[in-house]
Amino acid sequence: MYQARERGYGESMAVHPTKEEVAGRRAFRSVADLPEAPDAAWVGVNRHLTIQVINALAERGAAGAVCYAGGFLETGAYDQEGSRLQSELIAAAGQMPIIGPNCYGLINYADGALLWPDHHGGERLPDGGRGVAIVTQSSSIAINLSMQKRGLPIAFLMAAGNQAQIGLSEIALAMIEDGRVTALGLHIEGFDSVSGFEKLAARARELKKPIVAIKVGRSEQAKQATLSHTASLAGSDAASDAFLRRLGIARIDSIPGFLETLKLLHSTGPLPGYRISSMSCSGGEASLMADAAQGRDVYFPSLTDQHRALMRKAFGPMVALANPLDYNTYMDEQSVITNAFTTMVSGGFDYNFLVLDIPRLDRCPDARQWGAKGLNAFELALKANMTQGAMVSTMPENLPEEYTAGLMARGIAPLFGIPEAMDAAQGAAFIGEVWRQPQAHSVDTAAAGPLRGERVTLDEAEAKARLIKAGLPVPKGGSASSAKEAFGLSRELGYPVALKALGVAHKSEVGAVRLNLNDAEAVTRAAQDLLPLGSGLYVERMVRNGVAELIVGFTRDPMFGAVMTLGTGGVMVELLRDSVTLLLPATREDIEEALHGLKLYPLLEGYRGRPKADVNSAVDAIAGIADFVAKNAGEIEELDINPLIVCAQGNGAWIADALLVVRHMNGAKNG
């Protein structure tokens, strides 16, 4: 009430059982004593009383409420009562919407209204103004975000708490429908609903309102903090990352990068591509910009010969032409600078940066005019080329907040810090790329959650029999219980063969596999060595003309169902860590794109004169394996194919080893 009164954010009524007034307002003894049902209520009592007050508000006809108290489901592992109380809270609310519990509530900067118990640093939007909406599961993070001094206009700021009744995606979906919202920022500790986020992303795409997210949980410590805070399902980080990418939601890892990305999206929207340019008056700044793009998808393309020739005329002989460009300070006339900048920006880049730091206003008397000619030239250059750009300060403190509104009014995004500017450009380019593609299919969550029944690990022979039945490419082979049987099978299959000990999960680690056995003596000797290691032998025709080895793995995620890991396979899979995560269903295009993203991919393309791999067969095999997993979602807990040997063109791709873990009910396979 104090915050609402001090900021002029809406009319309020107080309810207190003993006080005559609260924050200068008359206090009513109970909800029933209120002269009218409130449009919204903020409930700040202990968790037991919260249930009573929510029930009273619902009976009174209140339109909605924020539940401040903690101690509900988010404490479940430590407090058995919390889960029960949350169920009672939901029942007490009935049809009345509630936000939380364990949250601060909402600040509406667009209309000037709040349900908020603490300080906040935001400003009300001017009439007709627009801004971003931010939803977070952490009230403390929400307060911090409101205190930003980066000139980001915020229309709505909301804390979702542990989402007892209304989830993060539902709150966000309502916010983007407001015409004053330009972009959406999400701080996600756990997803409330896969389908809810899919609906949100689809609607955001329709409205052309991009979404950027911080998704915590990369570390084990963060996962534990998430569980104890919100009682939400975080899912594996790799699966979460794949989900956000699938939805076209840009994931940013830092709060400064998150804010700058929102600011660029508010000012500009998604970008048409990843090609960027930079101009600065210092070689040091140009070098910092170049280095900041390393390891990212955004990049500084080299100048074309035609563009370079035009620039030489505009910049003269004393400027070393490059991108990023150090234009020096030889030019002084406004018309000359404008012509030079316009020529640089004419290179067809997807986004353009001007690096400029403002001197300290308290110590430099002419600071307010600093860089004025360059900014004027940059503004005119962007307009002349009908393109977009940002002014970037090397340090956040070197771009005063008071400058930001004026820059945005001129069509220039004010971005604080070089790494954060790169985060922003990459995020905006990523969203633009996804929006230009067909919308992804809904995630198949049939395999979400745990399976019941006995966990059974099939040996390689059993696993491959299942894969062969599904029509998947498995080399000819069979089981043997003795060296004599192994010899007989190898002769039928034709040399060379591979011989493996059955019942051993990671064969290479214990020497349980022998390859390229070319005669009876080699098979017999290998069989005698391997028999003591496992439960039998498996003889298989060797795959020839192999170009590369892939790993194709599937695990069950509690949130997203079957998750596929596709990467460089073989014995060094853990060492190389070259992999991509995909959710099902995965199209051929998804699989092809994932393969292109692997460091291994040049090998498939015929690296340094080597044979080109049969990539089409590899994609067919991977798609078939994914289909096998989807059709058996009620049984498969884990599938690990390593390696899938991709042969030279025309020779296919073959499943050389397979580990399959299933759940059996009462000794029978799940139907």
Side-chain angles (χ1 to χ4, degrees), residues 238 242 245 297 437 460 463-464 467-468 470-477 493-498 500 506-508 513-518 538 540-554 563-630 639-660:
R245 290 190 63 83
D297 293 327
Q437 299 169 359
E460 184 175 351
K464 285 188 171 176
L467 298 174
I468 291 169
L472 294 170
V474 178
K476 290 183 179 181
L493 294 170
Y495 296 109
V497 298
K500 309 170 189 180
H506 301 288
K507 300 179 183 65
S508 59
V513 58
R514 299 286 192 276
L515 303 176
N516 288 307
L517 304 177
N518 285 297
Y538 190 75
E540 186 172 70
R541 182 72 183 271
M542 280 293 299
V543 177
R544 299 185 180 185
N545 300 312
V547 173
E549 295 183 347
L550 297 174
I551 182 171
V552 186
F554 293 84
V563 176
M564 175 165 66
T565 300
L566 176 60
T568 300
V571 296
M572 293 190 293
V573 60
E574 290 88 358
L575 180 64
L576 296 176
R577 295 186 178 276
D578 178 25
S579 66
V580 179
T581 300
L582 296 173
L583 304 182
L584 301 187
T587 64
R588 285 186 62 88
E589 291 75 17
D590 294 333
I591 295 167
E592 288 171 356
E593 182 182 353
L595 287 174
H596 274 275
L598 296 176
K599 298 173 185 175
L600 169 84
Y601 190 76
L603 197 60
L604 300 177
E605 285 285 274
Y607 183 69
R608 292 193 174 182
R610 297 186 182 188
K612 288 188 176 182
D614 197 337
V615 176
N616 285 334
S617 293
V619 174
D620 288 340
I622 296 164
I625 296 165
D627 185 59
F628 168 76
V629 171
L639 174 61
D640 187 26
I641 291 173
N642 183 26
L644 173 71
I645 300 177
V646 188
C647 298
Q649 283 183 334
N651 290 273
W654 300 90
I655 297 171
D657 198 0
L659 173 68
L660 179 60

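- Closest approach of A594 to V580, counting heavy atoms only: O-CG2, 3.7 Å.
- The salt bridge (Lys or Arg N to Asp or Glu O under 4.0 Å) contacts involving residues 583-605 comprise R588-E592, R588-D620, where partners must be two or more places apart or lie in separate chains.
- Residues C647 and W654 come closest through the heavy atom pair SG-CD1, 3.9 Å.
- Residues I625 and I641 form a side-chain contact, since some pair of their non-hydrogen atoms from C-beta on lies under 4.5 Å apart.
- R610 has its side chain within reach of L603: a pair of non-hydrogen atoms, C-beta onward, lies under 4.5 Å apart.
- Here the side chains of L472 and F628 are in contact, with some heavy-atom distance below 4.5 Å.
- To the nearest 0.5 Å, the span separating CG on L467 from CG on L660 amounts to 7.0 Å.
- No side-chain heavy atom of L566 sits under 4.5 Å from any side-chain heavy atom of T581.
- Heavy atoms of other residues, nucleotides or ligands lying less than 6.0 angstrom from OH of Y601 number more than 12.
- For N518 (side chain) and N516 (main-chain N/O), a donor-acceptor pair under 3.5 Å exists by modelled atom type.
- With sequence neighbours left out, the side-chain hydrogen bond (donor to acceptor under 3.5 Å, both in side chains) criterion links D627 to K631.
- Looking only at side-chain heavy atoms (C-beta outward), E549 and L644 stay at 4.5 Å or farther from each other.
- Counting only heavy atoms from C-beta outward, the side chains of R608 and P602 never approach each other to under 4.5 Å.
- Here CG of L604 is found 10.5 Å from CD of Q649. Values are rounded to the nearest 0.5 Å.
- The closest side-chain heavy-atom distance from K500 to R514 is not below 4.5 Å.
- Within the model, atoms OG of S579 and CG of L598 stand 7.5 Å from one another, a figure rounded to the nearest 0.5 Å.
- Not one N or O on the side chain of N642 forms a donor-acceptor pair closer than 3.5 Å with the backbone of I551.
- For the pair K476 and E540, the salt-bridge criterion is not met [side-chain N within less than 4.0 Å of a carboxylate O].
- One distance of note links CG of D578 with CG of L600; it measures 6.5 Å at 0.5 Å rounding.
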Please step through side-chain contact (heavy atoms from CB on, under 4.5 Å) for the pair E460 and D657, ending with a clear verdict.
CA-CA 7 Å; E460 184 175 351; D657 198 0; 3.2 Å; yes
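- For the pair I622/L550, a side-chain contact is recorded, criterion being any heavy-atom separation below 4.5 Å from C-beta on.
- Of the possible donor and acceptor atoms, one in the side chain of K464 sits under 3.5 Å from a partner among the backbone N and O of A656.
- D614 places a side-chain N or O within donor-acceptor distance of the main-chain N or O of G652, the cut-off being under 3.5 Å.
- Remark: side-chain polar atoms of R541 are not paired, donor with acceptor, to backbone N or O of P475 under 3.5 angstrom.
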Between V615 and V646, is the side-chain contact (heavy atoms from CB on, under 4.5 Å) condition met? List the steps.
CA-CA 7 Å; V615 176; V646 188; 5.6 Å; no
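- Between R245 atom CZ and L583 atom CG the span is 12.0 Å, to the nearest 0.5 Å.
- We find the OG1-CZ distance between T568 and R577 to be 13.0 Å, quoted to the nearest 0.5 Å.
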